[in-house]
Structure formats: structure tokens, C-alpha cells
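Both backbone and side-chain heavy atoms feed into the values below; hydrogens, waters and symmetry mates do not.
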Amino acid sequence: EAGVAQSPRYKIIEKRQSVAFWCNPISGHATLYWYQQILGQGPKLLIQFQNNGVVDDSQLPKDRFSAERLKGVDSTLKIQPAKLEDSAVYLCASGGEQYFGPGTRLTVT
Amino acid sequence: AQSVAQPEDQVNVAEGNPLTVKCTYSVSGNPYLFWYVQYPNRGLQFLLKYITGDNLVKGSYGFEAEFNKSQTSFHLKKPSALVSDSALYFCAVRGFKNSGGYQKVTFGTGTKLQVIP
């Protein structure tokens, strides 16, 4: 069974630039999550999808972050414009038990 | 609001000895409880979960966890530690509402396990 795929694995951008991350969940998983993990902290849920609908986005900074899952399969997370404090690993997970992808390490300079 | 506490930033244990990584939680409704492991420069891996039933849950790599409702704890255990178990361990909780539906998953801050050869 293929795992959760994420790309890119690493990204370095300057502040005020925009960036997008992509996630392809495990086949058949209706639930998809995006987490932000800052170094030394536990993951923080940004948004949760059930199929293509948003279940929880209460911790998503909506002034700069957006996410979509148009066809209920893969998903993109976008940051525009990026700030220094957005430097973190962005994790995608799918399924009720939350199988995680390898993450995207974002560095904002 | 639900919360998870992992009171130890780091746990050191000698190889071959039993290990315990502590986790306590606060949640309204019935809890779903999870343990994940994170190796350096890698994503989180699911270890085990408790939803209902037997309070002792067995998971991957020989790990197990004991759900204690009265103490609101879900400690991770292993009878004999291996050097390869050295990693960062996260406890997580999701509250399930009696009226249906569930709360988002909340993670603890993590405990670094160091197994000494």
C-alpha cells in the first residue's frame, strides 16, 4: 500500500513570497489533514477535510493560508504572503488513524 | 478545550530495560487516544490507538499502552528497550462528543526517548 505523498520535500523562500505544498493521501482515505510542526513542538492541526469538505479550519490563519481538496483526493496548501514565523515542517496525514507523509520543510528567510 | 500533557521532555533508559513514556489528557466526551513516533528527519508514524475495549492496547514494534480512565492517562510502554527505539514520541487525543461528531486531534509536545547501549 502506497503511503501519503508530499511535495516538495524542502522549500526555501523569502518573506512575502508565496508557496504551495501538495499532498496525495492513501487511496480511499476520505479524511485528510494538514499540520504545521514548528521545531521542538508537537504538530498543530491547520485544516481537516472530509472528502472535499472542510471539517475543521479553526487554527488556519486564513488571512494568509488557504487549502483546497477539489476532487476529494489530493490537496494543496498555500501560504501567501509568507512570514518568517511560517518556517516549519508541514505535514499531511490521511485516514482515521492519521498516516503521515514525510512532510515539507519550509524555511522563510 | 481538550489538552495533552507529556510531562517529560526526555526519558533515558538502558537497553534491555523496560521503558515508560507518560501521557495524560483532558477531553470532554469519550477519548480516542494515539501514540506516534518520529525519527529524525522523518514524518510521524502511527504506533497504536485506543478507542474502546481492552485498556491495554498493543501496537507496532512491541510497544503497548495502558488506558486509565480514572487517572486520565495513556502511558506508552515496552518491556525491553532497543537502541533503535530512540526517537521522539507524541501522544494525541481526540474527544468524541456524545451527541455525535468529534473534536480535532490535539498533540502533546513530545518526549524524546534515548536508549543507552
Side-chain angles (χ1 to χ4, degrees), chain A residues 1-11 21-26 29-50 53-61 67 77 88-107, chain B residues 1-10 21-25 27 31-52 57-60 63 65 74 76 87-97 100-112:
Chain A
E1 174 183 86
V4 176
Q6 289 188 248
S7 67
R9 293 293 311 276
Y10 305 92
K11 189 74 176 177
F21 312 129
W22 174 82
C23 172
N24 191 26
I26 293 172
H29 282 183
T31 311
L32 185 148
Y33 313 78
W34 282 103
Y35 285 87
Q36 179 192 59
Q37 186 178 20
I38 292 173
L39 187 65
Q41 299 181 18
K44 182 183 82 171
L45 180 69
L46 293 175
I47 189 166
Q48 177 183 338
F49 291 95
Q50 183 75 18
V54 175
V55 174
D56 188 329
D57 64 356
S58 57
Q59 298 187 111
L60 185 73
L77 176 70
V89 176
Y90 290 85
L91 297 166
C92 180
S94 72
E97 294 172 348
Q98 298 192 96
Y99 293 95
F100 283 82
T104 297
R105 183 177 298 276
L106 174 67
T107 301
Chain B
Q2 64 187 33
S3 63
V4 177
Q6 293 183 244
E8 302 153 318
D9 290 336
Q10 181 160 334
V21 182
K22 296 180 180 177
C23 171
T24 58
Y25 66 90
V27 69
Y32 289 6
L33 294 154
F34 307 83
W35 275 102
Y36 296 86
V37 60
Q38 188 172 37
Y39 297 100
N41 299 315
R42 296 179 65 178
L44 277 78
Q45 295 180 31
F46 169 79
L47 274 180
L48 50 81
K49 68 179 179 183
Y50 170 84
I51 295 179
T52 187
V57 179
K58 294 188 183 297
S60 306
F63 283 93
F74 190 57
L76 181 71
L88 191 57
Y89 290 81
F90 289 95
C91 180
V93 67
R94 165 184 283 165
F96 191 83
K97 301 175 184 177
Y102 51 85
Q103 301 174 24
K104 63 180 178 291
V105 177
T106 300
F107 280 79
T109 53
T111 298
K112 182 179 180 180

Per-residue contact mode, Q59(A) against chain B (heavy atom under 4.5 angstrom)
side chain
What distance do L44(B) atom CG and Y35(A) atom OH have between them, rounded to the nearest 0.5 Å?
9.5 Å
Can you check whether Q98(A) reaches V105(B) side chain to side chain, under 4.5 Å on heavy atoms?
yes
Contacts satisfying salt bridge (charged side-chain N to carboxylate O under 4.0 Å, His left out) that involve residues 34-43 of chain A (not counting sequence neighbours) are none
Indicate, with yes or no, if the rings of Y36(B) and F100(A) have centres closer together than 6.0 Å.
yes
Give, as side chain, backbone, both or neither, the part of E97(A) having an atom under 4.5 angstrom from any heavy atom of chain B.
both
First locate atom CG of L91(A), then atom CD of Q38(B), and finally report the distance between them rounded to the nearest 0.5 Å.
7.0 Å
